[in-house]
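By convention here, the first residue in the shown sequence is residue 1.
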Amino acid sequence: MANKSIIPILTAFLALLLISTQATTNPGVRLRITDKGLQYVDSIAVQLLDEKIKTASIPDITGDADTPVGHVSYSLSSIHFNSFSIPSSAFKTDPGVGLQLQISGASTSLSGNWHYREDHWPHISGGGSFDLDVSSLTLSISMKLGADSTGHPTIAAASCSSSIGDVNIHFHGGASWLYNLFDSYIDKKIKETLQDKLCEETSDLINNNAEKELSTFPVKKQINKYAVINYSLVSNPNFTDSYADVFIKGEFQSPTAPKEAPFSPASLPPESESVKMVYVWVTDYLLNTAGLVFQDAGVLNETVTPSRLPPNFSYPLNTNTFKLIIPKLYQMYPNRPMKLVAYSTQRPKVSTTSAGVDLSITGQVESYVQLENGSFVYTFTMGLNISALAKVAVRENNITGHVDTVKVGVSLIKSAIGDITIDMKLLQFVLDAFADKIIVKQLNEIGDIGFPLPVVNGIQVINAQVMPGQNFNLIATDVKYSPTTNAALEKTPQGNNKIVIV
């Protein structure tokens, strides 16, 4: 919206069209993650869990028992993972709760040190190292997703269970009675310790690392000094057997004086396509709230003088240009510079159909002539009716738009120079040339910038397709996740601190 030139109503209105999602019944934006998308999340989650488990510290295992050398106290210490293999996993929806990660057939190997000491004199002791192999490991964890009071998405581990099938240990530097000790006492403790550790690390990955990543979701995204997009969640996500839906407020707001729009989003169709990972429905409500915000901010008003026109423009802004179009204007003020004060009289209206995005604009232009003493005299007011058809696309996580044609219609509203005759055919010819050669180009420069999709940091939209529908544009896309830092694997400090991107 900062690029102001030529006819402001035209450039400003297409900017709001192409820079565009209340706690209302229907969301302004609906985001759907399909089974295909969850399969991709599964591959990322398993990779992160694998790296997290390998770096996890395991508490020492201690106890006491009767052995062939007497009653001893024993310990397994400095236990660490050597490997962790997950051959089979599934990340799926958990209707009524959220999401669920299931792992089966996993295996791991660990190493550590062992030590024992006889409790009574002569206090015989010994120690060495050990290797541990675990197989037939399973894990199931449920995650609850929701929205807090400010509309930020939340995630937390709801429940976790794990089991271990076989555990094989080999002591280095020990006697055969150590294996009997293991079978009788240590086997159960190792299983319990590892089961607890697996759930602890997986829950931490969700409660801290995943929550940290999710906190980068752009609940409020600054567009410019006049507007922000409100991407807050209007309700908790909905989970079915085959997809997860996220309901987003999706509206433009003033950053200084936000208010509810006097209209609501239309209902969206219950489509359930699953070819792509993610589907995003962007409703006309978002675009229409953009028009409301920019209208209230006065952004759609501008004064155009001769110096604001391109130097190679064929029709200079002075009364000579209007000699044949409005003869009386030229007769009263021959060869005098002019200025135009353009402004919108209603908020722009956007309507999407299968053909594309229709933009309807109503405004007025006041004409002034500059006298020899430098002052301006008001001459007449023309009404403007502007229409454009845009095609929506996605590029680099931004929704963009392209306009091929713009139509401008005018009518006389008021005259201060008496009855005037206007050659509407000549005036329309000038307007059509102006639209084709200048307006379309400048509006497409604005459309190339577009506005951001509601995605967390590290998500890249790929192979996106845009399909216009009745009152919405449907974006069907795959995604790629590329963390910008290794923060996803770092421990998050305990406490109530959250990273919130607003």
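- Residues Gln364 and Glu366 bring no donor and acceptor atom of their side chains to less than 3.5 Å of each other.
- Phe322 is listed as a side-chain neighbour of Leu329, based on a closest heavy-atom distance under 4.5 Å.
- Test Asn471, Leu268, Val29 against Thr283 for side chain to side chain contact (heavy atoms under 4.5 Å, CB included) and you get one pass: Leu268.
- Judged by distance alone, with hydrogens and angles left aside, the side-chain atoms of Ser142 form no donor-acceptor pair with the main-chain N or O of Gln100 at under 3.5 Å.
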For salt bridge (Lys or Arg N to Asp or Glu O under 4.0 Å), just list the numbers for Asp204 and Lys52, CA-CA rounded to whole Å, side-chain angles, deciding distance to a tenth of an Å, and then say yes or no. CA-CA 10 Å; Asp204 181 74; Lys52 186 172 179 61; 2.8 Å; yes
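- Ion pairing between a basic and an acidic side chain is recognised when a charged N comes within 4.0 Å of a carboxylate O; Lys36 and Asp478 show such pairing.
- Judged by the 6.0 Å and 45° rule, Arg347 forms a cation-pi pair with Phe263.
- Between the side chains of Ser267 and Asn26, no donor N or O sits under 3.5 Å from an acceptor N or O.
- Using a 4.5 Å heavy-atom threshold, the side chains of Met338 and Thr319 count as touching.
- A salt bridge links Asp296 and Lys259; the closest N-O separation between the charged side-chain nitrogens and carboxylate oxygens is under 4.0 Å.
- Between Tyr481 and Val479, the closest side-chain pair of non-hydrogen atoms is not below 4.5 Å.
- Summarising the geometry of Ala342 relative to Val365, their closest heavy-atom pair is CB-CG2, 3.9 Å, with the distance given to 0.1 Å.
- Seen from the ring of Phe376, Lys339 counts as a face-on cation partner, given the 6.0 Å and 45° thresholds.
- Ring to ring, Tyr368 and Tyr378 are close: their centroids are under 6.0 angstrom apart.
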